[in-house]
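Below: one structure, written as structure tokens.
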Amino acid sequence: MNTELAIVLALLAAAVAMFAVGKPRMDAVALIVLTVLPLTGVITMGEALAGFSDPNIILIAALFVIGEGLVRTGVAQRLGDWLVAKAGSSETRLLPLLMAVVAALGSVMSSTGVVAIFIPIVLRIAQATGWAPGRLMMPLSMAALISGMMTLVATAPNLVVNAELVRSGSPGFGFFSFTPFGLPILVLGIGYMLFARRWLAAAGEGARGPGGRPRLREWVEVYGLAGREHRVRVTARSPLVGRTLEEMRLRNTSGANLLAIERPARFSVDVIRPLGKTVIRAGDTLLIDLFAPDADIVALRDELALQALPSSGGYFVDRAQQLGMVEVMLPYGSALVGKTLIGAEFRTRYGLNAVGLRRGRTAFGPAFKEEELKVGDTLLLVGFWKELQKLPMMRADLLVLDFPAELDDVLPAGRFAPQALACLALVIGLMVSGIVPNVQAALIGCLLMGALRCVDLASAYRSIHWSSLVLIVGMLPFSVALQRTGGVDLAANALVSLVGDASPHVVLASLFAITAVLGLFISNTATAVLMAPVALAIAKELGASPYPFAMIVALAASAAFMTPVSSPVNTLVVGPGNYGFGDFIRIGVPFTLIVLVVSVILVPVLLPL
């Protein structure tokens, strides 16, 4: 062993030690490596920084942006709602559906990005079903890691291994080269989690939202709103057609508040905020709050030729993307004190509807609008989110007590879901066809997402997991340094001398095991960076095809199930799932052994030595 190799190995050992203890954080360790390695003289500073221009780094960043487009437009949210609708209250049905959907989506975009997308979906499912998030977060992370075994672009280690293949002069893997290995492992993973879920938490978390905030349905119950909601469609013969809301004066004549108008558009339904100058059209659906105690909805429908439509029974919570609620209190000195809601012209002044009044713990009945307001009264307001979010600036008259948990789920670009899906389909099509390089396909998708208003620049930059990119870039120079100092050849020769006379299955199993064990201490991406050149050197030493050896490293790097630090995918679910280190050991180690056996059997069959 020469001096330069000894120095590089010492730096590698120091980096692994810092990864293991978690101090400093992993991206900081990568920056330290990036800075110190050129000082050894083994590589230049330009070579150390070359990772920032690596197409795979740009590809990973672009996939984060595409994932953000799916979140902002509600594609991910609708997927979660679909899962709940299909599975109902059965965890046995939900778990396979969840894992299959996550693996499918993760196969065409960053697995880390998929987990980031699905954490709020899983939390929503847990709140809706009463299950503990820990029952679903581990299956989520496992499916996301398995998704890395489905396609070339699914995870960073695949791209790292593929880049090493190309660098060595061999053609890279195809887009679906990983799929024959990933599909059977996914089936085994689903079966395994159906068995292993008994080792995860079983208690529910309750129905309240993030941070203990109330949910809309709680307020609907507290203020007795469920029976007041009505949906009616304006027929062609209605006297309302062509008239403005000012002319209708529904509040005064019928005891009805018009909260919103649903109007059919070309590809969707627009939800319109009703203003005085808004003209009613035939086919409009009116969302009405019938607040007056003597109001008669049947008489109102007959008089105005309105068609009754089914109601949700939850006071329009199905329209929570557009309509929200907020509780406010009247502070001392409020201009509303001493007035009634009607006398204060509340809707005209604030653009919101007061639908409930509470004094202390007592909620008033239907006649609350005629009640004289007092200091400390609590009002429940309904309106469009944009107007509700202006209330904190009106502290002199109204003091905001609580926004509901649903505010976190409001989509910034909900109308552009079809465009986001079209962009995703185009990116996948370009990658599969090979018409353009993968990175160019992803960049085209990002630009289209921006042009079609699925993302904006601010959200695009925020969506990129910069620390993950810095970690990959910082560890890439180790690959060059180990190759240049003979470290890769030394490791390959040592492994060949140890198991070289054994069967190819033993060599592949040893390579898988070393890669997986190394992944206990450093990230799976860093593991792939270090092990890919070793695997190719072993193939060259044995005179075998490089593809089985490269594939086994990629599969082992994705099998990062054993610790929370092995992959950002695991790290992301630790908090929401309330997991400890032991949870990953208990669930991850047996399944890693299963994946090892399956991989060692399948790889030589599908990729002959």
- Query: Does CD in Gln307 sit with more than 12 non-hydrogen atoms of other residues, nucleotides or ligands closer than 6.0 Å?
  - Reply: yes
- Task: Determine whether more than 12 heavy atoms belonging to other residues, nucleotides or ligands lie under 6.0 Å from atom CZ of Arg453.
- Result: no
- Message: Under 3.5 Å, is there a donor on one side chain and an acceptor on the other for Arg243 and Ser238?
- Response: no
- Item | Sub-4.5 Å side-chain heavy-atom contact between Glu229 and Val355 | no
- Message: I'd like to know if Glu387 and Lys390 make a salt bridge, using a cut-off of under 4.0 Å between side-chain N and carboxylate O.
- Response: yes
- Query: Would you find a donor on one side and an acceptor on the other, under 3.5 Å apart, between the side chain of Thr235 and the backbone of Ala305?
  - Reply: yes
- Message: So for atom CZ, which belongs to Arg281, do other residues, nucleotides or ligands contribute more than 12 heavy atoms lying within a distance under 6.0 Å?
- Response: no
- Item | For Leu452 against Phe416, the heavy-atom pair lying closest together | O-CD2, 3.6 Å
- Please assess Val269 against Thr285 for the test side chain to side chain contact (heavy atoms under 4.5 Å, CB included), listing each intermediate value before the final yes or no. CA-CA 10 Å; Val269 175; Thr285 297; over 6 Å; no
- Item | Check: Tyr350 and Leu381 side chains under 4.5 Å, non-hydrogen atoms | no
- Message: For Pro274, give me all partners under side chain to side chain contact (heavy atoms under 4.5 Å, CB included), at least two apart in sequence or on another chain.
- Response: Leu245, Leu258, Ile261, Arg347, Phe384
- Task: Check Leu287 against Arg319 and note the closest heavy-atom contact, atom names and distance.
- Result: CD2-CG, 4.2 Å
- Item | Atom pair CG/CG of Leu330 and Asp377 - distance to nearest 0.5 Å | 6.0 Å
- Query: Does CD in Glu221 sit with more than 12 non-hydrogen atoms of other residues, nucleotides or ligands closer than 6.0 Å?
  - Reply: no
- Query: Residues in side chain to side chain contact (heavy atoms under 4.5 Å, CB included) with Ala62, at least two apart?
  - Reply: Ala442, Leu443, Cys446
- Task: Applying side chain to side chain contact (heavy atoms under 4.5 Å, CB included), name anything that partners Leu448, two or more places apart in sequence or on another chain.
- Result: Cys423, Leu426, Ile444
- Task: Work out which heavy atom in Pro404 is nearest to a heavy atom in Trp385; give both atom names and the distance.
- Result: CG-CH2, 3.5 Å
- Message: For the CG atom of Leu290 and the CZ atom of Arg228, what is their distance to the nearest 0.5 Å?
- Response: 8.5 Å
